[in-house]
Structure formats: C-alpha cells, structure tokens
Amino acid sequence: MSLIRKTAAELGALIAAREVSAVEVAQAHLDRIAEVDGRVNAFLHVDAEATLAQARQVDESLAGGESPGPLAGVPIAHKDVFTTADMPTTAGSKILEGWRPPYDATVTGRLRAAGLVILGKTNLDEFAMGSSTENSAYGPTHNPWDLSRIPGGSSGGSSAAVSAYEAPLSTGTDTGGSIRQPAAVTGIVGMKPTYGGSSRYGLIAFASSLDTPGPFARTVLDAALLHEAFSGHDPLDSTSVDAPVPPVVEAARQADVAGMRIGVVKEFAGEGYQPGVLARFHEAVDLLESLGAKVVEVSCPAFSYALPAYYLIAPSECSSNLARFDAMRYGLRVGDDGTRSAEEVMALTRAAGFGPEVKRRIMLGTYALSSGYYDAYYGQAQKVRTLIMRDFEAAFQQVDALVSPTTPTTAFPIGERADDPMAMYLADLCTIPTNLAGNAAISVPCGLADEDGLPVGLQVMAPVLADDRCYRVGAAVEKAFESRWGGPLLSRAPAL
Ligand code: GLN
C-alpha cells in the first residue's frame with residue numbers, strides 16, 4: 001500500500017522500526033500535495049525543504065538510538081490559526097498577510113517536540129468564522145469527494161488535506177463546530193475536546209470562552225493519538241484545565257459500547273434535516289443498539305436556543321478579541337503616508353484587511369455589548385448558556401453519551417450559501433450546544449447519503465473531561481461499519 005494511504009499509527013510504527021524513513025514519508029505526502037492541491041486548495045503555506053529538514057532530524061535521532069513517541073516522523077498539517085515560529089500565520093485574513101509570529105502555539109510546539117513533521121499551514125474561514133472555508137481571503141478549499149462542494153469550515157483546509165490523503169493528521173479549532181462539521185462532510189474523524197483540555201496559547205483568538213483546539217484524522221485511533229500528544233495542562237493558558245488527559249487512546253482501542261447508555265437528542269433529528277442524513281443517523285443508532293448499548297430518547301429543550309445564543313456570545317467575544325488588529329502591531333498597514341492620524345490609518349487598515357463576515361461579527365458583537373443592549377442580548381445569551389449546561393447535566397444523569405447527526409446536510413455546493421448568513425449558520429445547529437457547555441464531542445463517518453453519495457457524520461457527545469467516551473463509542477461505530485462496508489468510508493471517495 002502506498003505510504004499516503006497508511007494511518008498515522010501505522011506510519012509511526014514503521015518509522016520507529018526504521019522500515020521506512022521519516023524523509024520518505026514526508027516526501028510521499030509532499031508529492032501528493034504537489035499532485036492534488038492545485039485542485040483542493042487545502043494549503044496556504046508549504047515549504048518542502050523545511051519539511052524534509054524536520055524529517056531528516058527525526059531520522060537522525062532514531063539512528064542515534066533515541067526512542068520516539070508513537071507519532072515521531074508522522075507528517076501533520078496545521079490550521080493556519082495556530083502560531084508557528086518558522087512559518088507565516090494568516091488566520092485566513094489579509095490583515096495578517098506576511099506576519100511571522102515570534103513563537104509557537106502550545107499545540108504546534110508540543111507536536112514538534114513529539115517529532116511530528118509539519119507539512120504546512122491549512123486554509124480556513126477568516127479568523128475561523130464560517131462553515132465552508134469560503135470566507136478565507138485566499139480562496140475557497142474544495143471538498144475532495146466533489147470539488148464543486150465545500151469541505152466544511154472553518155477548518156476546511158485541515159479536513160480536506162486529510163480526506164485527500166495530503167496529510168494523515170491535521171489540527172483544527174472548534175468554536176461552534178469547526179472541527180466536527182468539516183470532518184462530517186469530508187468523511188473523516190474530528191474531535192472537539194473538553195474546553196480547557198487543549199491549550200489556546202498561541203491560537204489566534206476568535207471567541208475565547210469557546211475556542212478549542214482538536215484533531216482531525218482518518219481513523220478514531222489516529223485522532224486519539226494526536227489528541228493525547230498535544231493535550232494536557234498548560235500554565236500559559238489561563239483557562240487550561242489542570243487535570244490528567246482522559247484515557248483517549250485506551251478508549252479508542254477498546255472500541256466497545258456493550259452496556260453503555262446512549263441518548264438520542266430528540267431536538268436534533270426532525271424537520272430541516274436532509275433525508276439521507278437522517279437515514280444514516282438512524283442506522284447508526286440501530287447499530288449501537290445491536291452492539292449492546294442501551295439507547296433511549298432524551299430531550300434537551302434549551303438546545304433549540306443554542307444557535308441564537310452563540311451568535312450573540314461569539315460575535316461579542318470576537319469584537320473584543322479582534323480589536324488588537326489595529327494596524328500598529330501586526331501585518332497590514334494602509335494609508336500610513338505621514339499625513340494621516342493613527343485613527344485614520346487604523347480605520348483604513350481594518351476596512352481593507354477584514355472581510356465582510358468578520359466585519360459583520362465585529363459590528364454585531366459591538367452592538368450586543370453596548371450599554372443599554374448588554375442585558376437584553378449578551379446577558380440573555382449567557383442565561384441560555386446556563387440552561388444548555390443544565391440540559392446536558394440532566395441528560396448525563398440518565399445516559400453516558402448523547403448522539404445526533406453532526407450537521408443537518410451533506411456538503412453543499414460552493415457559492416450556495418455564500419450570500420445567506422442564516423443558511424450558513426444552520427450548518428452548526430447540532431454542534432454549538434457542546435461549545436456553549438464546554439463538554440466533549442466527536443464526529444465519525446456513518447455512511448453516504450443516498451441522494452448525493454456524500455458522507456454523513458455521527459456526533460457523539462460526552463460530559464466534561466469524559467472525552468474518552470467519545471472515542472470509545474466512535475471506535476465501536478467505526479469498527480462495525482468498516483466490517484459492514486468492507487473498509488473505511490473514505491476508500492469509497494472518487495479518486496482525485
Ligand atoms: N461556523 C461557526 C461560526 O461561523 C463556527 C466556527 C468555528 O467553530 N470556528 O462561527
């Protein structure tokens with residue numbers, strides 16, 4: 001089998017046993033990027049020489065007898081919202097074009113220390129705001145299953161890179177669904193860890209109380225290995241949880257749901273959902289039952305208000321976070337010809353550097369936070385947030401995990417929702433409650449919709465710091481479906 005088709009776990013084992021070199025593995029992926037990325041546009045930055053130099057270092061330390069971690073020498077692509085000391089970081093925005101961060105994010109730094117080889121930085125919706133990657137200032141990414149469709153967003157470059165076999169692993173961030181929704185629509189695995197379980201240090205902030213780094217991979221075990229490699233307490237992030245990393249790798253290997261109680265969220269499987277998505281979802285629920293889980297229906301009434309609450313809280317936080325792009329400290333500066341005031345340069349730079357969705361959110365958030373409106377909008381949304389947490393608490397008294405479709409539809413055509421923000425926002429209907437409550441959730445492939453032959457994702461939600469349950473259920477589903485399908489779902493994707 002060619003190297004690009006292997007899992008990260010397999011590649012790590014081959015490299016550790018010195019059956020293949022990290023350089024060969026890196027080269028195979030660089031060749032794949034050169035072959036397909038002109039059509040996919042998953043990457044914003046690739047530097048083949050730098051990648052091969054990192055791989056050479058891993059090979060040298062192996063030759064020197066060092067015993068590496070399970071992912072040493074395995075290539076990875078990082079969402080271009082994590083800082084990297086040796087590469088530009090744009091957040092998909094013109095306002096950061098040409099900026100080179102002086103330091104590594106904790107996520108990128110820890111993975112570098114674990115010997116992962118960086119292939120490059122991936123495309124995203126500007127400042128991670130969007131569900132399609134069409135809001136990138138650097139052009140849309142294309143879904144490898146059908147190049148005329150979106151790969152999800154905002155981490156669409158990361159999902160497309162893994163699904164197109166350009167990288168075995170990638171990182172993403174999930175503020176409202178930006179890992180799970182792109183994973184679902186590209187037929188791969190994507191996990192949002194418990195908030196605070198993965199560090200935000202060096203992650204360009206969108207909505208700080210929601211932003212959560214997480215892994216993309218083609219198998220549940222690979223996602224768990226990556227999750228474990230970058231997670232854990234970080235004193236540089238004030239909201240980092242000082243608790244042991246949940247046993248995610250062990251759970252992915254366990255792949256067993258016998259005796260587990262699983263709740264189907266009643267509010268997330270009715271009107272407005274694509275029939276093929278619902279059909280695959282119900283099949284997955286039947287599968288869980290046949291594997292020995294006890295399945296019950298659970299009602300979470302406040303979930304219906306999650307979307308409006310999120311679209312007050314996330315823009316409010318972003319309006320504050322994005323104030324730092326003031327033409328003075330980073331990247332772009334427009335109109336600084338010696339005749340204009342700092343305020344004028346700031347206004348010109350922000351007008352030229354931010355795209356329309358980012359501007360919409362800054363205005364919305366500024367309005368929601370302004371005096372006189374604060375209680376009615378931001379304050380009210382925070383109350384809804386509490387109700388959503390309570391719904392989760394009540395549900396997790398009854399069940400060990402909750403399931404729903406990851407997203408109401410399969411990948412939509414590029415352009416279809418670009419001018420309709422509400423339609424775009426609905427892509428995150430099922431993923432947002434988990435961000436507001438801070439608990440863990442994964443998306444795993446559960447088949448192809450009959451009407452368009454495109455991948456459908458199953459979302460598994462678990463309590464705070466019970467991330468391992470997502471992997472346990474996800475791996476059981478993966479194992480059972482793969483034996484039914486005769487291999488991974490992705491092997492049914494049309495060849496690129
Ligand atoms: N699509 C959602 C938004 O536009 C979520 C984004 C995210 O998770 N980064 O805000």
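Atoms within a ligand are numbered from 1 in the order they appear, just like the ligands themselves.
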For atom 10 (O) of ligand 1, the closest protein heavy atom turns out to be Tyr310 OH, 2.6 Å
Atom 1 (N) of ligand 1 has as its nearest protein heavy atom Asp428 OD2, 2.4 Å
ask   = Should Asp86 and Arg112 count as an ion pair when the cut-off is N to O under 4.0 Å?
value = yes
Subject >> Distance under 6.0 Å and angle within 45° of ring axis: Arg417 vs Phe412 >> reply: yes
Exercise. Kindly check if the number of other-residue, nucleotide or ligand heavy atoms within 6.0 Å of CZ (Arg390) is above 12?
Key: no
Closest to atom 3 (C) of ligand 1 among protein heavy atoms sits Tyr311 OH, 3.2 Å
Do any nitrogen or oxygen atoms of Gly153 come within less than 3.5 Å of a nitrogen or oxygen of ligand 1? no
For ligand 1, is there an atom lying under 4.0 Å from some heavy atom of Arg361? yes
Under 4.0 Å from one or more heavy atoms of Gly130, ligand 1 contributes atoms 1 (N), 2 (C), 3 (C), 4 (O), 6 (C)
Can any side-chain N or O of Tyr138 pair as donor or acceptor with the backbone N or O of Ser93 at less than 3.5 Å? yes
Q.
Test your reading of the structure: does Lys79 have an N or O sitting under 3.5 Å from an N or O of ligand 1?
A. no
message = Checking the N or O distance criterion of under 3.5 Å, is ligand 1 in contact with Thr175?
response = yes
Margin query: In the structure I gave you, are the side-chain heavy atoms of Phe325 and Leu96 within less than 4.5 Å of one another anywhere?
Written below: yes
Here the atoms of ligand 1 under 4.0 Å from any heavy atom belonging to Ala128 are 6 (C), 7 (C), 9 (N)
For atom OH of Tyr305, is the number of surrounding heavy atoms from other residues, nucleotides or ligands below 6.0 Å larger than 12?
-> no
With Leu465 as partner, the option from Asn439, Val241, Val245 fulfilling side chain to side chain contact (heavy atoms under 4.5 Å, CB included) is Val241
Quick check: Gly176 and ligand 1, any N/O pair under 3.5 Å apart? yes
Only one of Leu116, Leu169, Leu119 passes side chain to side chain contact (heavy atoms under 4.5 Å, CB included) with Pro75, and that residue is Leu119
For Met129, the ligand 1 atoms with a heavy-atom partner under 4.0 Å come out as 4 (O)
Q.
Below 4.0 Å from ligand 1: does a non-hydrogen atom of Ser154 turn up there or not?
A. yes
Report yes if some N/O of Phe206 lies less than 3.5 Å from some N/O of ligand 1; otherwise report no. no
Does atom OH of Tyr377 have more than 12 heavy-atom neighbours, drawn from other residues, nucleotides or ligands, at distances under 6.0 Å? no
Under 4.0 Å from one or more heavy atoms of Gly177, ligand 1 contributes atoms 8 (O)
| N-O pairing of Asp450 and Arg280 below 4.0 Å | yes
Atom 7 (C) of ligand 1: closest protein heavy atom, distance to 0.1 Å, is Ser178 OG, 2.3 Å
